[in-house]
> 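Take this structure first; my questions come after.
Index from 1, following the sequence.
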Amino acid sequence: MTVATLGVVGLLVPDVHDALTRDPALIADGEWWRLGSSMLVQSWWGQYAFNLAGLVLVGWAVERRWGTGWWAAAALGGGLVAAVVLTVAEPSLVEAGTSDAVGGLVGFLLVRAWRERATPPLLPFVYATFWVPYVLLTGVGPGYLVAGPVASVVVALLVADLRHRGGRVALPAAVALAAVAAVALTVRLDGHGVGLAVGEVLACLPSGPPGRSNDDST
């Protein structure tokens with residue numbers, strides 16, 4: 001709710017947006033909260049809608065099956081680690097957005113579902129398997145006009161397998177693609193890749209704490 005509200009306020013009131021963005025120079029001057037507050041605002045309406053959909057759909061799926069602790073670890077871990085890495089590596093880059101946190105949730109959902117041989121809910125799976133090739137292709141060069149259609153084809157193929165064969169091919173393929181994306185984007189100092197990698201690493205940890213599952217069903 002905070003992200004949804006502040007996202008709108010930040011888009012309508014530029015001073016709010018500027019006060020919360022991740023600005024390495026201001027962080028070095030002591031405004032350390034910008035490492036986290038930058039996840040609360042977006043820079044344009046399309047980014048707002050896309051990221052909010054990810055937080056709602058993938059976040060719901062992660063919290064419902066694995067609990068609030070894992071949801072917080074994946075989302076906040078992905079966002080904060082990416083913010084720290086980029087602040088150090090790209091000291092001139094000023095930005096805002098929740099996409100790195102969404103990446104943490106996407107990485108966690110795909111890898112943990114694959115590890116547990118669980119079938120993820122359909123809509124979160126659709127979003128996650130669109131998000132991975134989309135951010136990969138926009139991050140490495142082809143751009144939005146190529147990324148959208150290609151990601152849509154990937155989703156169609158993986159969802160068909162998920163629905164008709166229980167994901168025997170879809171989940172391993174999605175995890176492999178997510179691993180490639182995490183490495184390729186992290187090497188390019190793209191926060192999406194860092195967030196995705198954090199979620200994937202967390203999903204490989206034992207399935208006990210940091211959070212109890214609210215619902216063991218998918």
Side-chain angles (χ1 to χ4, degrees), residues 1-56 58-59 62-63 67-109 111 128 131-132 135-136 138-139 178 181-205 209-211:
M1 190 65 178
T2 302
V3 174
T5 303
L6 274 179
V8 171
V9 173
L11 288 166
L12 296 176
V13 184
D15 286 346
V16 172
H17 175 272
D18 295 343
L20 299 177
T21 54
R22 185 184 62 80
D23 187 326
L26 294 177
I27 291 170
D29 286 340
E31 297 185 14
W32 51 266
W33 64 84
R34 289 175 178 268
L35 290 169
S37 66
S38 59
M39 292 188 286
L40 302 176
V41 291
Q42 317 294 328
S43 296
W44 55 293
W45 288 104
Q47 181 190 38
Y48 172 81
F50 191 53
N51 288 340
L52 187 61
L55 289 175
V56 171
V58 184
V62 170
E63 185 172 20
T68 303
W70 284 117
W71 173 88
L76 297 180
L80 289 174
V81 171
V84 171
V85 169
L86 294 181
T87 296
V88 173
E90 298 282 357
S92 62
L93 179 62
V94 177
E95 64 176 5
T98 320
S99 55
D100 301 339
V102 172
L105 291 168
V106 167
F108 185 90
L109 174 68
V111 173
W131 190 93
V132 171
V135 299
L136 175 61
T138 55
V183 172
L185 293 173
T186 298
V187 167
R188 295 176 65 90
L189 296 178
D190 187 315
H192 298 97
V194 178
L196 187 62
V198 170
E200 292 169 357
V201 169
L202 288 172
C204 293
L205 298 178

> What is the minimum heavy-atom distance between T186 and A197, and which atoms define it?
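Residues T186 and A197, closest heavy atoms: OG1-CB, 4.5 Å.
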
> To the closest 0.5 Å, what do you measure between CG (L40) and OG1 (T5)?
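Rounded to the nearest 0.5 Å, the CG-OG1 separation comes out at 10.5 Å.
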
> Rounded to the nearest 0.5 Å, what separation is found between the CG atom of L35 and the OG1 atom of T87?
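Here the rounded value is 5.0 Å.
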
> Measure from the side-chain N and O atoms of R34 to the backbone N and O of T21, and report whether any donor-acceptor pair falls under 3.5 Å.
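Such a contact is found between R34 side chain and T21 backbone.
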
> Side-chain contact, heavy-atom cut-off 4.5 Å: V132 with V106?
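Yes - at least one pair of side-chain heavy atoms lies under 4.5 Å apart.
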
> So which heavy atom on S38 is nearest to which on R22, and how close?
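Minimum heavy-atom contact is CB-N, 3.3 Å.
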
> Would you say E95 and S43 make side-chain contact, with heavy atoms under 4.5 Å?
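E95 vs S43: side chains apart.
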
> State, to 0.1 Å, how close S37 and L20 come at their nearest heavy-atom pair, and which atoms those are.
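For S37 versus L20, the nearest heavy atoms are OG-O, 2.9 Å.
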
> With sequence neighbours excluded, give me every salt bridge (charged side-chain N to carboxylate O under 4.0 Å, His left out) pair touching residues 35-47.
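Every pair satisfying salt bridge (charged side-chain N to carboxylate O under 4.0 Å, His left out) with a residue in residues 35-47: there are none.
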
> Can you name the nearest heavy-atom pair linking A82 to G191, along with the distance?
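Heavy atoms of A82 and G191 come nearest at CB-O, 3.8 Å.
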
> Donor-acceptor pair, Q47 side chain versus A96 backbone, under 3.5 Å?
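The answer is yes, because a donor-acceptor pair under 3.5 Å joins these two groups.
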
> Output, in order, the C-alpha distance, side-chain angles, deciding distance and verdict of side-chain contact (heavy atoms from CB on, under 4.5 Å) for L196 and L185.
CA-CA 9 Å; L196 187 62; L185 293 173; 5.6 Å; no

> Under 4.5 Å between any side-chain heavy atoms of V3 and M39, yes or no?
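V3 does not reach M39 side chain to side chain.
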
> Please tell me if the side chains of V102 and F50 come closer than 4.5 Å, counting only heavy atoms from C-beta onward.
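They are not in side-chain contact.
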
> About how many Å separate CG of D100 and CG of N51, when rounded to the nearest 0.5 Å?
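With rounding to 0.5 Å, CG (N51) is 8.5 Å from CG (D100).
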
> Looking at A203 and G107, what are the two nearest heavy atoms and their distance?
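Heavy atoms of A203 and G107 come nearest at CB-O, 4.4 Å.
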
> How long is the straight-line distance from CH2 of W131 back to CG of L109, given to the nearest 0.5 Å?
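That separation rounds to 12.0 Å.
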
> So, do D23 and E31 sit near enough that their side-chain heavy atoms are less than 4.5 Å apart?
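In short, these two side chains do not touch, never coming nearer than 4.5 Å.
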
> Can you name the side-chain contact (heavy atoms from CB on, under 4.5 Å) partners of V85, sequence neighbours left out?
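For V85 the side-chain contact (heavy atoms from CB on, under 4.5 Å) partners, ignoring immediate neighbours, are V81, V194.
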
> Any heavy-atom pair between the side chains of F108 and W71 that's under 4.5 Å?
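In short, these two side chains do not touch, never coming nearer than 4.5 Å.
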
> Do you know which two heavy atoms are closest between P24 and V94, and how far apart they sit?
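Closest heavy-atom pair between P24 and V94: CD-CG2, 4.4 Å.
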
> Output all residues satisfying ring pair (Phe, Tyr, Trp, His ring centres under 6.0 Å) with W45, sequence neighbours left out; order by chain, then residue number.
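Applying ring pair (Phe, Tyr, Trp, His ring centres under 6.0 Å) to W45 gives Y48.
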
> Find out whether L205 and W70 are in side-chain contact, i.e. whether some heavy atom of one side chain is under 4.5 Å from a heavy atom of the other.
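Yes, at least one pair of side-chain atoms sits under 4.5 Å.
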
